[in-house]
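These notes are about the structure you will find just below.
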Number of protein chains: 2
Amino acid sequence: MSKAKATSIDIAHLAGVSQATVSRALRGSPLVSQETRERIRAAAEQLNYKVDKNASNLRLQHSGTLALLLFEDPTTDGSNINPFFLSMLGSITRACAQLGYDLLVSFQQFSNDWHADYADSKKADGIILLGYGDYLAYRARLEKLVEIGTRFVRWGAVQPDQPGVSVGCDNFSGGQAVARHFIEQGCRRIAFLGDASSHYPEFFERYRGYAQALQQAGLEVDEALQVDAESTQLCGHTAMSELIAREVAFDAVFAASDLIAIGAMSALAEHGYKVPVDVPVAGFDDIPMARFASPPLTTVLQDTRSAGEVLVQNLLMMIRGEPAQSVMLPVKLMVRQSSVRPS
Amino acid sequence: MSKAKATSIDIAHLAGVSQATVSRALRGSPLVSQETRERIRAAAEQLNYKVDKNASNLRLQHSGTLALLLFEDPTTDGSNINPFFLSMLGSITRACAQLGYDLLVSFQQFSNDWHADYADSKKADGIILLGYGDYLAYRARLEKLVEIGTRFVRWGAVQPDQPGVSVGCDNFSGGQAVARHFIEQGCRRIAFLGDASSHYPEFFERYRGYAQALQQAGLEVDEALQVDAESTQLCGHTAMSELIAREVAFDAVFAASDLIAIGAMSALAEHGYKVPVDVPVAGFDDIPMARFASPPLTTVLQDTRSAGEVLVQNLLMMIRGEPAQSVMLPVKLMVRQSSVRPS
DNA sequence: CGTCCGGCTGAATACGTATGCATGGGTGCC
DNA sequence: GGCACCCATGCATACGTATTCAGCCGGACG
C-alpha cells in the first residue's frame, strides 16, 4: 500500500489537527478532548500508524527495554545452553512482559565484547546478568558498571562485598540439605563433583554447605572426594570417571549441578555401578530433564519463576531510582529415586 | 562520576573538533584523518562515551535488531516452554550475534496482543515467528503483515499457499521415516499421538508421512489409532491413556513430538507396558531430554542450528530488499533404544 | 459589558546522531 | 606565481516524537 510508513504528521493531516495533538492523544494525555482523541485513533488505525520507538525513546530518554546478558565460561563445549538458564530466561521473559518491558537477549558465549553497551547506548534501561561465570574475572567489570552508573542486577551467589545488586538462591542451605539427606541414609564418604574454588561462588557455596553438614555429623571432608567440573554433562562424565580412577572409596555422589549429575550417572553406568543401589546420586537446579533422567534425579529446586520476578522487579526499582537490595531465595530438596537406597 | 551521559558534542569539545567529525570518526568514515580519529577515540574512551542507539537508529532508519516472537497455543499448560523452541532460540541468538544483530525476545504466551508492532514501531528491522500454533488462526495476521510490508520469516510447515517466507523441516519425510522404521520391525498397528488436523500443519505433515508409509506397506490407516495431543508431556500422557482406554490393539507408538512421547511413555509405564519390549515408541524433534529419557528415545532430529541460521539469513535478505524463498530442511532419524525391540 | 479563567489546541523546540554541502588550507602543475 | 584540485573539517539540517509555552474560544461572574 503506502510505501513509506506513516508518521504522526500524516495522522495530524488526516485528522485535521496538529502533530502535537496526535502525540498527546496517542499517549493518553487528558488535555485532548474525547472527540478529537477518537478521530485521531481512527486516522492512526486507517494508516497502520505505529509510534516510532526510536524517535519516542530518544525524546523520552528511555527505551522500555531490559537486556538479558547470559555469560557462560567460554571453556564450555558451546553445544547447548544450560537448561537451567533457559528456565530463567523463560521466567524473566514472563516477568518483563507482565511489567510492560521488552527483553533483549544476548549470549556472551557467542560474542566477544561485553554488551553492557546495551545500557550505555540507551538500547536498554538496565541489564540482567546471568551465568555461572568465573566471577573474579568479571568483578572489575561489575565495578566499572557501578562506577559509570549502569543499572544492573546479577543472578548468582549473594555475598556481602559484591558490587551492585545480586539475586540468588540459598546455595549453602541447598548443599547442606543434600549432604544431610545422604548422611541420614548412612553414607559416610560423599563425593562432591564441581568446582570448589571461590572462583565459582555458587558452586563454592554449595560445597561449603556440604562440608559443614559433614563436619556437623563428625565426618571428615576428604579432598580426594572432590573433583572439579563445570556445568556440562561431558564435564560430569569426565569428573566421575576421574573419581573412579582415583580408586578412593565413596558411597554417594553430590553433583554441583544437574547436568554434572546426569553426566556422572552415565559414567557410573558405564563402570557397572547401579544408581541408587550401589551409589546414590543427587544434583542441583532441578532442570526439566532431572525428572526424566534414569533413575529420576534427586536435586535441589531453584524457583526460577520467582527468581525471574525478583530480578526484574529489583532492576526496575533501580531504574526508577529507588534503592534495591540483594535477595537470597529459599531452595527445596526434591527427593527422587536416584538418591534413595532401597532399604 | 559525570552524572549526565556524554554526547558526541562533549567528545567534540574535548577533542577540539566538531560533532560531525566525531560521528564520522566513530563510524569509520575514510574522510577523517588518522590522527584526528585517534584523538577522538581517546576522548570517547575517557568519557565512557557510547553512541546513543536511539538517536542513531532514528537517523539511520533501522535498528540493527531482530525480534523473535514465540507463540504457543494459550491452551498449553503454560508451565514450561517447549524445549525444542528453546533450542531454536539458542541457535537464532547465535546466528544473530554472528551477523551483528541484536535480538528482542517475546513470548506470545505471556502477552495479549501481537508484538508484530516490534517491526512497525521500528524497534526491530524484522521478525522471526516461531511456534506450533493453530496456523489458521494466524493466517489473517500474516496476510496483514505482508500487506503493510513488514519483514518476517516463519518457522513451520512449508506450504505453497502461505503468506510470506517460511523455513521448516521436512516433516513429511520425518513421519515417513519413523513409520517405516516401525514397519521394518514388523509392526502393523502403529498409533499416532498428535493433532492430525490441518490446523497444525507441522503435525499434519508428520501424520501424512506416516499415513503414506503405512499405505505403501499395504497397511490400513486406522483412525482409532490416532489421538489428538498438543505438544506437552501432560497431553502425551493423557493421549496415551485415552488410547489404552479405547482397548484397540496397537504395537507401536509414534508421537508427534518428544514431549508427547515422554508423556506417553510414562503413561505406558503406569499401565504396565514395557518400552520397547511390549511397545516401541518414537518421538519427533530430538530435544536434549530425549537422549536421557528412559529408555533413550528414538526421534527425528531437526537441525536447529542450521534452522536458526537459515531463518536469520533469510530475514536479513528480505531486510536488504533481496528476494527470499521458503526453505525446507532435511531431517534425520535418530534410532535409540525406545523403538528397538530386542530380537 | 468587560474580565478572567479553564479547557483545548497549535507553534516551536529539544532529544543526539549522520550526512549533504560548503569551506579552508595545502599541494601539484604549468 | 597563479590556478586547480583534493583532503579534512565545519555548518546546517533532518530523522519523528514529546512537551513547554503561548494563544484562542466560550462561558461565567462581577
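A, B, ... follow the sequence lines: proteins, then strands. Residue 1 opens every chain.
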Under a 4.0 Å threshold between the charged nitrogen and the carboxylate oxygen, would B:Lys144 count as salt-bridged to B:Glu147? no
Between P on D:dA8 and CD on B:Glu38, what's the gap in Å once rounded to a whole number? 16 Å
Nucleotide of D:dG10, D:dT17, D:dT20 approaching B:Ala20 most closely (side-chain heavy atoms): D:dG10
How long is the line joining CG of B:Leu58 and C1' of D:dT17, in whole Å? 8 Å
side-chain N/O A:Ser56 vs D:dA18 OP1/OP2, d < 4.0 Å: yes
Is it the case that more than 12 heavy atoms not belonging to A:Glu35 sit under 6.0 Å from its CD atom? no
Nucleotide nearest A:Leu60 (side chain, heavy atoms from C-beta), chosen from D:dT17, D:dA12, D:dA18: D:dA18
Interatomic distance where CZ belongs to A:Arg59 and C1' belongs to D:dT19 [whole Å]: 5 Å
Does A:Thr7 offer a backbone N or O that forms a donor-acceptor pair with the side chain of A:Asp10 under 3.5 Å? yes
When rounded to whole Å, the CD1 to C1' distance for the pair B:Ile40 and D:dG10 reads 12 Å
Starting from the first five and the last five pairs of the helix from C:dC1-D:dG30 to C:dC30-D:dG1, work out the angle between the resulting helix axes, to 10 degrees. 50°
Take the protein atom CD of A:Gln61 and the nucleotide atom P of D:dT17, then report the distance between them rounded to whole Å. 16 Å
Short question: side chain of B:Arg154, backbone of B:Ala157 - any donor-acceptor pair under 3.5 Å? yes
Around atom CD of B:Glu45, are there more than 12 heavy atoms of other residues, nucleotides or ligands at under 6.0 Å? no
With a 3.5 Å cut-off and no angle check, do the side chains of B:Asp125 and B:Ser63 form a donor-acceptor pair? yes
Would B:Asp102 and A:Lys123 satisfy salt bridge (Lys or Arg N to Asp or Glu O under 4.0 Å), going step by step from the backbone distance to the final call? CA-CA 10 Å; B:Asp102 292 326; A:Lys123 201 153 179 175; 2.8 Å; yes
Taking CG from A:Asn54 and P from D:dT17, how many angstroms apart are they, rounded to a whole number? 11 Å
Salt-bridge test for A:Lys5 and B:Asp120: reply yes if a basic N is under 4.0 Å from a carboxylate O, no otherwise. yes
B:Glu143: which residues meet the side chain to side chain contact (heavy atoms under 4.5 Å, CB included) condition with it, sequence neighbours left out? B:Arg139, B:Pro163
Going 5' to 3' along DNA chain C, between which two nucleotides do contacts with chain A fall, using a heavy-atom cut-off of 4.0 Å? C:dC8 to C:dG16
On DNA chain D, does the nearest nucleotide to A:Arg27 precede the nearest nucleotide to B:Pro30 from the 5' side, or the other way round? Give the residue. B:Pro30
